[in-house]
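The structure appears below as C-alpha coordinates.
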2 protein chains.
Amino acid sequence: MTDHLDARIQKSQTAIMKAGMELLSKNREASFSDIARAAGVGRTTLYRLYDTREKLIKAVAIHCLEAFDKTTEHLESEAESALQAFHLMFKAIFPLSAEMEFLMKLGDFNEDDPELTAIYEKQESEIATLVEYAKSEGSLSKKLPTSWVVNLVEGLLYTSWLTKNAESIDHDTLADLAFHTFCNGVAR
Amino acid sequence: MTDHLDARIQKSQTAIMKAGMELLSKNREASFSDIARAAGVGRTTLYRLYDTREKLIKAVAIHCLEAFDKTTEHLESEAESALQAFHLMFKAIFPLSAEMEFLMKLGDFNEDDPELTAIYEKQESEIATLVEYAKSEGSLSKKLPTSWVVNLVEGLLYTSWLTKNAESIDHDTLADLAFHTFCNGVAR
DNA sequence: GCATTATGATACAAGTATGTTCCATAAAGT
DNA sequence: ACTTTATGGAACATACTTGTATCATAATGC
(Lines give C-alpha, C1' and ligand atoms only; values in the text may rest on other atoms or scores of the structure.)
Protein backbone atom coordinates (compact mmCIF):
# COMPACT_ATOMS: atom_id res chain seq x y z
CA MET A 1 0.00 0.00 0.00
CA THR A 2 1.68 3.12 -1.25
CA ASP A 3 0.41 6.66 -1.45
CA HIS A 4 1.86 6.82 -4.94
CA LEU A 5 -0.90 7.59 -7.40
CA ASP A 6 -1.59 4.92 -9.99
CA ALA A 7 -0.12 5.99 -13.32
CA ARG A 8 -3.48 5.47 -15.03
CA ILE A 9 -5.25 7.79 -12.63
CA GLN A 10 -2.61 10.42 -13.06
CA LYS A 11 -2.86 10.23 -16.83
CA SER A 12 -6.64 10.42 -16.71
CA GLN A 13 -6.60 13.34 -14.31
CA THR A 14 -4.25 15.49 -16.35
CA ALA A 15 -6.16 14.72 -19.55
CA ILE A 16 -9.48 15.58 -17.88
CA MET A 17 -8.02 18.72 -16.37
CA LYS A 18 -6.76 19.93 -19.72
CA ALA A 19 -9.90 19.05 -21.65
CA GLY A 20 -12.14 20.42 -18.92
CA MET A 21 -10.27 23.70 -18.85
CA GLU A 22 -10.52 24.14 -22.61
CA LEU A 23 -14.09 22.93 -23.12
CA LEU A 24 -15.57 24.72 -20.12
CA SER A 25 -13.80 27.91 -21.17
CA LYS A 26 -15.37 27.81 -24.58
CA ASN A 27 -18.74 26.58 -23.43
CA ARG A 28 -19.77 26.64 -19.82
CA GLU A 29 -22.57 24.19 -20.50
CA ALA A 30 -20.30 21.49 -21.85
CA SER A 31 -21.55 18.12 -20.68
CA PHE A 32 -19.65 15.32 -18.97
CA SER A 33 -19.92 13.34 -22.19
CA ASP A 34 -18.28 16.16 -24.12
CA ILE A 35 -15.46 16.48 -21.64
CA ALA A 36 -14.91 12.74 -21.48
CA ARG A 37 -14.73 12.48 -25.25
CA ALA A 38 -12.34 15.42 -25.49
CA ALA A 39 -10.14 13.98 -22.76
CA GLY A 40 -10.14 10.57 -24.42
CA VAL A 41 -11.48 8.78 -21.37
CA GLY A 42 -14.74 7.03 -20.59
CA ARG A 43 -17.61 8.97 -19.08
CA THR A 44 -17.57 6.52 -16.19
CA THR A 45 -14.03 7.57 -15.32
CA LEU A 46 -15.15 11.16 -14.88
CA TYR A 47 -17.75 10.08 -12.36
CA ARG A 48 -15.23 7.85 -10.63
CA LEU A 49 -12.60 10.55 -10.20
CA TYR A 50 -14.90 13.51 -9.64
CA ASP A 51 -18.25 12.66 -8.19
CA THR A 52 -20.33 15.31 -9.87
CA ARG A 53 -20.12 17.97 -12.50
CA GLU A 54 -19.90 20.68 -9.86
CA LYS A 55 -16.97 18.98 -8.17
CA LEU A 56 -15.10 18.72 -11.45
CA ILE A 57 -15.55 22.41 -12.13
CA LYS A 58 -14.36 23.18 -8.64
CA ALA A 59 -11.33 20.92 -9.11
CA VAL A 60 -10.41 22.67 -12.35
CA ALA A 61 -10.86 26.05 -10.69
CA ILE A 62 -8.58 25.08 -7.81
CA HIS A 63 -6.03 23.78 -10.28
CA CYS A 64 -6.06 27.13 -12.08
CA LEU A 65 -5.87 29.18 -8.91
CA GLU A 66 -2.95 27.12 -7.67
CA ALA A 67 -1.18 27.53 -10.98
CA PHE A 68 -1.38 31.28 -10.45
CA ASP A 69 -0.15 30.92 -6.92
CA LYS A 70 2.81 28.82 -7.95
CA THR A 71 3.76 31.27 -10.68
CA THR A 72 3.58 34.38 -8.56
CA GLU A 73 4.88 33.21 -5.20
CA HIS A 74 8.56 33.79 -5.89
CA LEU A 75 8.15 37.18 -7.51
CA GLU A 76 8.63 39.25 -4.39
CA SER A 77 12.01 37.71 -3.65
CA GLU A 78 13.22 38.02 -7.25
CA ALA A 79 12.19 41.62 -7.75
CA GLU A 80 14.41 44.45 -6.65
CA SER A 81 11.53 46.83 -6.15
CA ALA A 82 7.80 46.54 -5.60
CA LEU A 83 7.14 48.13 -8.97
CA GLN A 84 9.35 45.63 -10.70
CA ALA A 85 7.44 42.85 -8.99
CA PHE A 86 4.32 43.99 -10.84
CA HIS A 87 6.23 43.95 -14.10
CA LEU A 88 7.41 40.42 -13.42
CA MET A 89 3.88 39.45 -12.47
CA PHE A 90 2.46 40.60 -15.81
CA LYS A 91 5.19 38.72 -17.63
CA ALA A 92 4.79 35.58 -15.58
CA ILE A 93 1.05 35.25 -15.92
CA PHE A 94 0.81 35.18 -19.71
CA PRO A 95 1.90 31.56 -20.12
CA LEU A 96 -1.19 30.78 -18.04
CA SER A 97 -3.61 32.08 -20.61
CA ALA A 98 -5.69 28.89 -20.61
CA GLU A 99 -6.02 29.02 -16.83
CA MET A 100 -6.77 32.74 -16.98
CA GLU A 101 -9.48 32.25 -19.57
CA PHE A 102 -11.14 29.54 -17.52
CA LEU A 103 -11.20 31.65 -14.39
CA MET A 104 -12.49 34.69 -16.24
CA LYS A 105 -15.29 32.78 -17.89
CA LEU A 106 -16.14 31.08 -14.62
CA GLY A 107 -17.21 34.36 -13.09
CA ASP A 108 -18.07 34.69 -9.43
CA PHE A 109 -16.61 31.76 -7.58
CA ASN A 110 -16.77 34.55 -5.05
CA GLU A 111 -20.27 33.61 -4.12
CA ASP A 112 -20.27 30.00 -5.15
CA ASP A 113 -17.92 28.13 -2.90
CA PRO A 114 -16.22 29.07 0.36
CA GLU A 115 -13.09 27.05 -0.41
CA LEU A 116 -12.56 28.75 -3.76
CA THR A 117 -13.34 32.10 -2.20
CA ALA A 118 -10.68 31.48 0.41
CA ILE A 119 -7.95 30.75 -2.13
CA TYR A 120 -8.99 33.70 -4.25
CA GLU A 121 -9.02 36.10 -1.34
CA LYS A 122 -5.65 34.86 -0.17
CA GLN A 123 -4.14 35.74 -3.55
CA GLU A 124 -5.91 39.08 -3.55
CA SER A 125 -4.50 39.87 -0.15
CA GLU A 126 -0.99 38.95 -1.30
CA ILE A 127 -1.30 41.50 -4.08
CA ALA A 128 -2.75 43.96 -1.59
CA THR A 129 0.32 43.51 0.59
CA LEU A 130 2.53 44.20 -2.39
CA VAL A 131 0.55 47.33 -3.18
CA GLU A 132 0.83 48.57 0.39
CA TYR A 133 4.56 47.93 0.30
CA ALA A 134 4.92 49.85 -2.95
CA LYS A 135 2.99 52.70 -1.41
CA SER A 136 5.30 52.81 1.60
CA GLU A 137 8.25 52.56 -0.77
CA GLY A 138 6.91 55.70 -2.42
CA SER A 139 6.52 54.21 -5.87
CA LEU A 140 2.72 54.04 -5.88
CA SER A 141 0.36 56.91 -5.25
CA LYS A 142 -0.97 56.86 -1.69
CA LYS A 143 -4.14 58.64 -2.72
CA LEU A 144 -5.58 55.63 -4.53
CA PRO A 145 -7.39 52.92 -2.57
CA THR A 146 -5.45 49.69 -2.33
CA SER A 147 -8.46 47.68 -3.48
CA TRP A 148 -8.61 49.76 -6.64
CA VAL A 149 -4.98 49.06 -7.48
CA VAL A 150 -5.43 45.36 -6.74
CA ASN A 151 -8.43 45.14 -9.04
CA LEU A 152 -6.54 47.16 -11.63
CA VAL A 153 -4.03 44.36 -11.90
CA GLU A 154 -6.88 42.01 -12.74
CA GLY A 155 -8.39 44.59 -15.08
CA LEU A 156 -5.13 44.94 -16.98
CA LEU A 157 -4.90 41.18 -17.34
CA TYR A 158 -8.41 41.30 -18.75
CA THR A 159 -7.35 44.08 -21.12
CA SER A 160 -4.38 42.01 -22.23
CA TRP A 161 -6.56 39.01 -22.78
CA LEU A 162 -8.95 41.01 -24.96
CA THR A 163 -6.09 42.43 -26.97
CA LYS A 164 -4.44 39.07 -27.40
CA ASN A 165 -7.67 37.56 -28.74
CA ALA A 166 -8.15 40.32 -31.31
CA GLU A 167 -4.62 40.96 -32.52
CA SER A 168 -1.68 38.65 -32.37
CA ILE A 169 0.72 40.55 -30.20
CA ASP A 170 3.80 39.13 -28.55
CA HIS A 171 3.29 38.13 -24.93
CA ASP A 172 6.21 40.19 -23.72
CA THR A 173 5.04 43.27 -25.57
CA LEU A 174 1.62 42.84 -24.00
CA ALA A 175 3.17 42.59 -20.53
CA ASP A 176 5.16 45.75 -21.20
CA LEU A 177 2.01 47.55 -22.32
CA ALA A 178 0.20 46.44 -19.18
CA PHE A 179 3.05 47.52 -16.94
CA HIS A 180 3.49 50.85 -18.68
CA THR A 181 -0.23 51.55 -18.39
CA PHE A 182 -0.20 50.44 -14.79
CA CYS A 183 2.49 52.99 -13.97
CA ASN A 184 1.77 55.88 -16.27
CA GLY A 185 -1.62 55.46 -17.90
CA VAL A 186 -2.05 56.19 -21.55
CA ALA A 187 -2.03 59.99 -21.66
CA ARG A 188 0.83 61.82 -23.28
CA MET B 1 -54.91 48.11 -37.01
CA THR B 2 -52.20 50.13 -35.32
CA ASP B 3 -48.53 49.47 -35.01
CA HIS B 4 -48.83 50.46 -31.37
CA LEU B 5 -47.71 47.59 -29.17
CA ASP B 6 -50.36 46.08 -26.93
CA ALA B 7 -49.85 47.27 -23.37
CA ARG B 8 -49.79 43.68 -22.14
CA ILE B 9 -47.00 42.73 -24.52
CA GLN B 10 -44.99 45.77 -23.54
CA LYS B 11 -45.38 44.99 -19.85
CA SER B 12 -44.38 41.37 -20.40
CA GLN B 13 -41.41 42.32 -22.51
CA THR B 14 -39.92 44.75 -20.01
CA ALA B 15 -40.49 42.31 -17.14
CA ILE B 16 -38.85 39.50 -19.09
CA MET B 17 -35.97 41.74 -20.15
CA LYS B 18 -35.30 42.75 -16.56
CA ALA B 19 -35.62 39.26 -15.11
CA GLY B 20 -33.63 37.74 -17.96
CA MET B 21 -30.81 40.21 -17.48
CA GLU B 22 -30.59 39.54 -13.76
CA LEU B 23 -31.05 35.78 -13.78
CA LEU B 24 -28.80 35.11 -16.76
CA SER B 25 -26.12 37.31 -15.22
CA LYS B 26 -26.13 35.28 -12.03
CA ASN B 27 -26.53 31.93 -13.73
CA ARG B 28 -26.05 31.44 -17.41
CA GLU B 29 -27.85 28.13 -17.30
CA ALA B 30 -31.07 29.62 -15.95
CA SER B 31 -34.02 27.90 -17.60
CA PHE B 32 -37.04 29.43 -19.29
CA SER B 33 -39.11 28.31 -16.30
CA ASP B 34 -36.83 30.22 -13.93
CA ILE B 35 -36.94 33.36 -16.01
CA ALA B 36 -40.71 33.17 -16.45
CA ARG B 37 -41.23 32.75 -12.72
CA ALA B 38 -38.89 35.64 -11.93
CA ALA B 39 -40.59 37.85 -14.49
CA GLY B 40 -44.01 36.94 -13.16
CA VAL B 41 -45.27 35.69 -16.50
CA GLY B 42 -46.23 32.30 -17.83
CA ARG B 43 -43.66 30.13 -19.48
CA THR B 44 -45.87 30.07 -22.57
CA THR B 45 -45.53 33.81 -22.92
CA LEU B 46 -41.76 33.51 -23.15
CA TYR B 47 -42.10 31.12 -26.05
CA ARG B 48 -44.68 33.35 -27.68
CA LEU B 49 -42.58 36.51 -27.53
CA TYR B 50 -39.17 34.94 -28.08
CA ASP B 51 -39.20 31.72 -30.02
CA THR B 52 -36.30 29.98 -28.34
CA ARG B 53 -33.92 30.37 -25.46
CA GLU B 54 -31.14 31.49 -27.77
CA LYS B 55 -33.29 34.22 -29.27
CA LEU B 56 -34.16 35.53 -25.82
CA ILE B 57 -30.51 35.72 -24.85
CA LYS B 58 -29.76 37.48 -28.10
CA ALA B 59 -32.62 39.92 -27.50
CA VAL B 60 -31.33 40.74 -24.03
CA ALA B 61 -27.83 41.18 -25.39
CA ILE B 62 -29.02 43.55 -28.09
CA HIS B 63 -31.01 45.46 -25.49
CA CYS B 64 -27.87 45.89 -23.39
CA LEU B 65 -25.65 46.84 -26.30
CA GLU B 66 -28.18 49.43 -27.45
CA ALA B 67 -28.40 50.84 -23.94
CA PHE B 68 -24.67 51.43 -24.12
CA ASP B 69 -24.97 52.98 -27.53
CA LYS B 70 -27.72 55.33 -26.43
CA THR B 71 -25.75 56.40 -23.39
CA THR B 72 -22.50 57.08 -25.18
CA GLU B 73 -23.62 58.47 -28.53
CA HIS B 74 -23.88 62.13 -27.45
CA LEU B 75 -20.61 62.21 -25.53
CA GLU B 76 -18.43 63.43 -28.36
CA SER B 77 -20.56 66.50 -28.96
CA GLU B 78 -20.82 67.33 -25.25
CA ALA B 79 -17.15 66.98 -24.46
CA GLU B 80 -14.74 69.81 -25.05
CA SER B 81 -11.78 67.51 -25.59
CA ALA B 82 -11.27 63.89 -26.47
CA LEU B 83 -9.86 63.20 -23.05
CA GLN B 84 -12.90 64.67 -21.37
CA ALA B 85 -15.07 62.45 -23.54
CA PHE B 86 -13.48 59.44 -21.88
CA HIS B 87 -14.19 60.93 -18.49
CA LEU B 88 -17.83 61.46 -19.42
CA MET B 89 -17.96 57.94 -20.77
CA PHE B 90 -16.81 56.42 -17.48
CA LYS B 91 -19.37 58.49 -15.64
CA ALA B 92 -22.19 57.70 -18.03
CA ILE B 93 -21.74 53.96 -18.06
CA PHE B 94 -22.06 53.26 -14.35
CA PRO B 95 -25.85 53.50 -14.20
CA LEU B 96 -25.79 50.60 -16.66
CA SER B 97 -24.20 48.18 -14.21
CA ALA B 98 -26.86 45.52 -14.76
CA GLU B 99 -26.38 45.68 -18.52
CA MET B 100 -22.63 45.69 -18.06
CA GLU B 101 -22.72 42.63 -15.84
CA PHE B 102 -24.87 40.74 -18.32
CA LEU B 103 -22.55 41.49 -21.21
CA MET B 104 -19.46 40.62 -19.20
CA LYS B 105 -20.87 37.31 -18.05
CA LEU B 106 -22.11 36.55 -21.53
CA GLY B 107 -18.57 36.36 -22.81
CA ASP B 108 -17.78 35.99 -26.47
CA PHE B 109 -20.78 37.02 -28.46
CA ASN B 110 -17.85 37.74 -30.70
CA GLU B 111 -17.97 34.24 -32.05
CA ASP B 112 -21.58 33.42 -31.43
CA ASP B 113 -23.72 35.62 -33.59
CA PRO B 114 -22.88 37.86 -36.55
CA GLU B 115 -25.55 40.43 -35.67
CA LEU B 116 -24.28 40.87 -32.13
CA THR B 117 -20.73 40.93 -33.38
CA ALA B 118 -21.64 43.72 -35.78
CA ILE B 119 -23.11 45.93 -33.06
CA TYR B 120 -20.22 45.23 -30.74
CA GLU B 121 -17.62 45.99 -33.37
CA LYS B 122 -19.41 49.17 -34.34
CA GLN B 123 -19.15 50.41 -30.76
CA GLU B 124 -15.55 49.32 -30.55
CA SER B 125 -14.76 51.25 -33.71
CA GLU B 126 -16.46 54.34 -32.34
CA ILE B 127 -14.17 54.23 -29.34
CA ALA B 128 -11.25 53.57 -31.67
CA THR B 129 -12.13 56.71 -33.61
CA LEU B 130 -12.17 58.66 -30.38
CA VAL B 131 -8.78 57.27 -29.45
CA GLU B 132 -7.32 58.17 -32.82
CA TYR B 133 -8.71 61.65 -32.48
CA ALA B 134 -7.20 62.03 -29.01
CA LYS B 135 -3.89 60.88 -30.41
CA SER B 136 -3.99 63.49 -33.17
CA GLU B 137 -5.05 66.05 -30.58
CA GLY B 138 -1.86 65.18 -28.73
CA SER B 139 -3.56 64.13 -25.52
CA LEU B 140 -2.92 60.38 -25.86
CA SER B 141 0.42 58.72 -26.40
CA LYS B 142 0.95 57.80 -30.03
CA LYS B 143 3.27 54.98 -29.11
CA LEU B 144 0.47 52.79 -27.77
CA PRO B 145 -1.63 50.68 -30.16
CA THR B 146 -5.17 51.98 -30.57
CA SER B 147 -6.60 48.52 -29.90
CA TRP B 148 -4.81 48.45 -26.57
CA VAL B 149 -6.33 51.76 -25.49
CA VAL B 150 -9.79 50.67 -26.65
CA ASN B 151 -9.56 47.45 -24.66
CA LEU B 152 -8.20 49.40 -21.71
CA VAL B 153 -11.49 51.27 -21.52
CA GLU B 154 -13.25 47.94 -21.18
CA GLY B 155 -10.64 46.74 -18.73
CA LEU B 156 -11.13 49.78 -16.53
CA LEU B 157 -14.87 49.21 -16.54
CA TYR B 158 -14.15 45.68 -15.44
CA THR B 159 -11.86 47.00 -12.71
CA SER B 160 -14.59 49.37 -11.58
CA TRP B 161 -17.12 46.60 -11.53
CA LEU B 162 -14.83 44.43 -9.38
CA THR B 163 -14.24 47.28 -6.98
CA LYS B 164 -17.90 48.17 -6.76
CA ASN B 165 -18.79 44.59 -5.88
CA ALA B 166 -16.25 44.39 -3.09
CA GLU B 167 -16.44 47.82 -1.51
CA SER B 168 -19.29 50.26 -1.64
CA ILE B 169 -17.74 53.22 -3.39
CA ASP B 170 -19.63 56.09 -4.90
CA HIS B 171 -20.19 55.77 -8.65
CA ASP B 172 -18.69 59.17 -9.37
CA THR B 173 -15.61 58.44 -7.31
CA LEU B 174 -15.18 55.20 -9.20
CA ALA B 175 -15.45 57.01 -12.53
CA ASP B 176 -12.84 59.50 -11.36
CA LEU B 177 -10.52 56.69 -10.34
CA ALA B 178 -10.97 55.02 -13.72
CA PHE B 179 -10.31 58.25 -15.58
CA HIS B 180 -7.31 59.16 -13.48
CA THR B 181 -5.82 55.71 -13.99
CA PHE B 182 -6.60 55.89 -17.68
CA CYS B 183 -4.61 59.10 -18.00
CA ASN B 184 -1.83 58.73 -15.47
CA GLY B 185 -1.68 55.18 -14.20
CA VAL B 186 -1.20 54.51 -10.54
CA ALA B 187 2.49 55.27 -10.01
CA ARG B 188 3.54 58.27 -7.99
C1' DG C 1 -70.18 47.52 -24.39
C1' DC C 2 -68.05 44.45 -27.65
C1' DA C 3 -64.81 42.26 -30.52
C1' DT C 4 -60.10 41.29 -30.43
C1' DT C 5 -56.07 39.50 -28.63
C1' DA C 6 -52.64 38.34 -25.17
C1' DT C 7 -52.32 35.44 -21.29
C1' DG C 8 -51.52 31.46 -18.14
C1' DA C 9 -52.51 26.85 -17.00
C1' DT C 10 -52.31 22.21 -18.44
C1' DA C 11 -51.02 18.40 -20.95
C1' DC C 12 -47.90 16.30 -23.96
C1' DA C 13 -43.78 14.57 -26.82
C1' DA C 14 -38.94 14.23 -27.45
C1' DG C 15 -34.49 14.88 -26.32
C1' DT C 16 -30.67 15.06 -23.24
C1' DA C 17 -27.79 15.23 -19.01
C1' DT C 18 -27.04 13.12 -14.69
C1' DG C 19 -25.70 9.55 -11.89
C1' DT C 20 -25.47 4.39 -10.87
C1' DT C 21 -24.43 -0.45 -11.54
C1' DC C 22 -22.22 -4.33 -13.55
C1' DC C 23 -18.65 -6.70 -16.06
C1' DA C 24 -14.98 -8.11 -19.11
C1' DT C 25 -10.53 -6.21 -20.23
C1' DA C 26 -6.19 -4.23 -19.91
C1' DA C 27 -2.73 -1.99 -17.55
C1' DA C 28 -0.47 -1.10 -13.52
C1' DG C 29 2.20 -2.53 -9.21
C1' DT C 30 5.24 -5.98 -6.81
C1' DA D 1 4.16 -14.25 -13.47
C1' DC D 2 0.52 -12.94 -10.50
C1' DT D 3 -2.51 -10.03 -8.07
C1' DT D 4 -4.62 -5.84 -7.72
C1' DT D 5 -6.91 -2.03 -9.56
C1' DA D 6 -8.38 1.33 -12.95
C1' DT D 7 -10.81 1.47 -17.17
C1' DG D 8 -14.48 1.78 -20.78
C1' DG D 9 -18.75 0.22 -22.51
C1' DA D 10 -23.47 -0.82 -21.95
C1' DA D 11 -27.74 -0.71 -19.84
C1' DC D 12 -30.74 1.68 -16.94
C1' DA D 13 -33.56 4.97 -14.04
C1' DT D 14 -34.55 9.68 -13.16
C1' DA D 15 -35.19 14.22 -13.77
C1' DC D 16 -35.23 18.27 -16.27
C1' DT D 17 -35.58 21.29 -20.25
C1' DT D 18 -37.26 22.42 -24.56
C1' DG D 19 -40.89 23.33 -27.58
C1' DT D 20 -45.86 22.74 -29.12
C1' DA D 21 -50.90 22.61 -28.84
C1' DT D 22 -55.23 23.61 -26.70
C1' DC D 23 -58.48 26.42 -24.21
C1' DA D 24 -60.92 29.18 -20.87
C1' DT D 25 -60.04 33.68 -18.94
C1' DA D 26 -59.08 38.44 -18.61
C1' DA D 27 -57.20 42.56 -20.20
C1' DT D 28 -56.98 45.77 -24.00
C1' DG D 29 -58.42 48.68 -27.95
C1' DC D 30 -61.98 51.03 -30.09
Side-chain angles (χ1 to χ4, degrees), chain A residues 1-63 102 105-107 109 112-113, chain B residues 1-63 102 105-107 109 112-113:
Chain A
M1 174 91 182
T2 65
D3 61 353
H4 190 66
L5 215 52
D6 190 299
R8 288 166 290 181
I9 296 184
Q10 221 161 6
K11 187 178 171 188
S12 296
Q13 278 185 338
T14 57
I16 291 170
M17 219 35 112
K18 185 164 176 285
M21 216 159 65
E22 285 170 8
L23 273 198
L24 291 169
S25 290
K26 267 193 285 194
N27 172 22
R28 185 167 181 163
E29 300 167 32
S31 73
F32 253 38
S33 308
D34 296 330
I35 299 172
R37 202 179 315 120
V41 302
R43 195 171 62 96
T44 321
T45 302
L46 274 184
Y47 282 102
R48 220 190 319 269
L49 296 181
Y50 311 88
D51 280 0
T52 67
R53 200 173 167 278
E54 277 198 2
K55 287 190 185 172
L56 170 64
I57 293 181
K58 180 175 167 177
V60 177
I62 289 182
H63 171 263
F102 178 85
K105 293 282 189 72
L106 182 60
F109 33 77
D112 287 358
D113 186 286
Chain B
M1 173 94 181
T2 65
D3 62 352
H4 192 66
L5 215 53
D6 191 301
R8 289 166 290 184
I9 296 184
Q10 221 162 5
K11 188 178 171 188
S12 295
Q13 277 184 340
T14 57
I16 291 170
M17 218 35 113
K18 185 165 178 282
M21 217 160 64
E22 285 170 10
L23 274 198
L24 291 168
S25 289
K26 268 194 284 194
N27 172 22
R28 183 165 180 166
E29 300 168 32
S31 72
F32 254 37
S33 310
D34 297 330
I35 299 172
R37 202 179 315 120
V41 302
R43 193 170 64 94
T44 321
T45 302
L46 275 183
Y47 282 103
R48 219 189 319 268
L49 296 181
Y50 311 88
D51 281 1
T52 68
R53 199 172 168 280
E54 276 198 2
K55 287 189 185 173
L56 169 64
I57 294 180
K58 181 175 167 178
V60 177
I62 288 182
H63 171 264
F102 177 85
K105 292 285 188 69
L106 182 61
F109 33 76
D112 286 359
D113 185 285

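So that the names make sense, note that chain A is the first sequence line, chain B the second, and so on, each numbered from 1. The figures that follow rest on heavy atoms only: side chains count, while hydrogens, waters and symmetry mates do not.
The distance between atom NZ of B:Lys11 and atom P of D:dG29, rounded to the nearest whole Å, is 12 Å. Between the CZ atom of B:Phe32 and the P atom of D:dC16 there is a distance of 19 Å, given to the nearest Å. As rounded to whole Å, 17 Å separates atom C1' of D:dG19 from atom OH of B:Tyr50. When rounded to the nearest whole Å, the span between CG of A:Leu5 and C1' of C:dA27 equals 15 Å. Atom P of nucleotide C:dT16 and atom CZ of B:Arg53 are separated by 16 Å, given to the nearest angstrom. At whole-Å resolution of the value, CD in A:Glu29 and P in C:dT18 are 11 Å apart. One can place OH of A:Tyr47 at 18 Å from P of C:dC22, the figure rounded to the nearest angstrom. At whole-Å resolution of the value, CG in B:Leu46 and P in C:dG8 are 9 Å apart.
Contact between A:Leu5 and A:Gln10 at its shortest, heavy atoms only, is O-OE1, 4.1 Å. Among all heavy-atom pairs drawn from B:Ile16 and B:Leu49, the shortest one is CD1-CD1, 4.0 Å. Among all heavy-atom pairs drawn from A:Phe32 and A:Leu56, the shortest one is CE1-CD2, 3.7 Å.
The CD1 atom of B:Ile57 lies 6.5 Å from the CZ atom of B:Phe102; values are rounded to the nearest 0.5 Å. To the nearest 0.5 Å, atom CG of residue B:Asp6 and atom CD of residue B:Gln13 are 10.5 Å apart.
No more than 12 heavy-atom neighbours from other residues, nucleotides or ligands sit within 6.0 angstrom of CD on B:Glu54.
Salt-bridge check for A:Lys26 with A:Glu22: failed, with every basic side-chain N at 4.0 Å or more from each acidic carboxylate O.
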Measure all distances between protein nitrogen or oxygen atoms and nitrogen or oxygen atoms of nucleotides 11-15 of chain D, and list the pairs falling under 3.5 Å.
none

Please write out each protein N/O paired with an N/O of nucleotides 5-7 of chain D under 3.5 Å, distance rounded to 0.1 Å.
residue, atom, partner, partner atom, Å
D:dT5, O2, A:Arg8, NH1, 3.2
D:dT5, O2, A:Arg8, NH2, 3.3
D:dT7, OP1, A:Arg8, O, 3.4
D:dT7, OP1, A:Ser12, OG, 2.7

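Within 4.0 Å of B:Thr44, counting heavy atoms only, lies at least one base atom of the nucleic acid.
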Under the side-chain contact (heavy atoms from CB on, under 4.5 Å) rule, what do B:Ser12 and B:Ile9 come out as? Steps first, then yes or no, please. CA-CA 5 Å; B:Ser12 295; B:Ile9 296 184; 5.7 Å; no
Report the C-alpha separation of B:Arg28 and B:Lys105 in whole Å, then their side-chain angles, then the decisive distance to 0.1 Å, and conclude whether the side-chain contact (heavy atoms from CB on, under 4.5 Å) test is met. CA-CA 8 Å; B:Arg28 183 165 180 166; B:Lys105 292 285 188 69; over 6 Å; no
Trace of the side-chain contact (heavy atoms from CB on, under 4.5 Å) decision for A:Leu24 with A:Arg53: CA-CA 11 Å; A:Leu24 291 169; A:Arg53 200 173 167 278; 4.2 Å; yes
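In this structure, the helix from C:dG1-D:dC30 to C:dT30-D:dA1 shows an angle of 60° between the axis at its start and the axis at its end, each fitted on 5 base pairs and rounded to 10°.
At a threshold of 4.5 Å between non-hydrogen side-chain atoms, the residues B:Val41 and B:Arg8 do not count as touching.
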